[in-house]
Amino acid sequence: MKKYTYIFLSALFALTVISCSTEDKFSGSPVGNVEIVTLTGTITTTVENALTDQEVEFTASLPDGKVFNDTVTVEVTTLRSDGGRVRGYYDIMPGQTSITDKIAAVGGLVYDTTFELSMTAINLQTVEPGIHYLLTSNKISINTGNNSIPEAESDRLKIRFVWENPSSSNKFKCWIKKPGVAADIEGNNFTGSAIDHVIKTVSTTSNGNGSLSSKEGEYIFKLASDLQPVSPENKKYRIILVFPNGDVTVYNGRFDNLTQGNPEKKDVLKITKVGSGDDAVFNLENLNPL
């Protein structure tokens, strides 16, 4: 059971998206002469990078040894530095101490920034007389940025390469080593600020297109900068992968010490396609992790 509340202070509005009914947002101070008890929970996630509205899976846990006899609702928040946030509400069942679920990432306003994931409040369905509970937790920093996520399509894996400050003189080139093709294929689906490629779930024998692939096997994606710097500099890029079921994976990378006319190709991503159609599986490996 969860409910998301999106708050963007810079836009001066709030939008609530409800996925199922639950109690309204809880906040404020206790009324009357009661003891205030602050619980310190623990939140964990394997997600390191997430863009706006990307779902971040987490496990939120109450303090060791703290168990309630009735349902409690915990608030989990993704918060960026300007105060923009997404709040989600999740029920921990009677006798349980944790919940594993997902919350939308608040995202970022610039290319390279972070947001925090944490537990921020608690509400008891059955109040304990004389006690008002507050809840805090550790804070996890997650990398984010202002790039949008492509819409998922059920018959393909989508791969998008983006980079910082794109322009006609500041861009990357992409080559793909494909199964069944001897030479690298240049990725030609360049939109001006991104390079897109898709691998379809249904396998065919034809595999020589610069913007589309389909054959089973191993794909190596290589990047080279089209930047012409006067002096050596570093250049950041991001890979956004959208699976047929809507899952999203994001990798961040960087080219170091680029110089004028440097033609170096760097292997940045390996995708292995196994199976075809509904049985297709795409295994990922980040070849140039930060």
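Between the K158 side chain and the E151 main chain, a donor and an acceptor come within less than 3.5 Å of each other. The backbone N or O of G275 sits less than 3.5 Å from a side-chain atom of E216, completing a donor-acceptor pair. The backbone N or O of A50 sits less than 3.5 Å from a side-chain atom of T144, completing a donor-acceptor pair. K102 places no side-chain N or O within donor-acceptor distance of the main-chain N or O of E55, the cut-off being under 3.5 Å. Formation of a donor-acceptor pair under 3.5 Å by the T78 side chain with backbone atoms of V106 is found in this model. For the pair T45 (side chain) and V47 (backbone), a donor-acceptor distance under 3.5 Å is present. At least one donor-acceptor pair closer than 3.5 Å links the side chain of K273 to the backbone N or O of S214.
A search for salt bridge (charged side-chain N to carboxylate O under 4.0 Å, His left out) contacts involving K215 returns nothing, not counting sequence neighbours.
For residues 111-131, the set of pairs meeting the ring pair (Phe, Tyr, Trp, His ring centres under 6.0 Å) definition, not counting sequence neighbours, is empty. Applying the salt bridge (Lys or Arg N to Asp or Glu O under 4.0 Å) test to pairs two or more places apart or on separate chains, none has a residue in residues 127-150.
The aromatic ring centroids of H197 and Y219 lie 6.0 Å or more from each other.
Defined by atom type and a distance below 3.5 Å, a donor-acceptor pair is missing between the side-chain atoms of N143 and T114.
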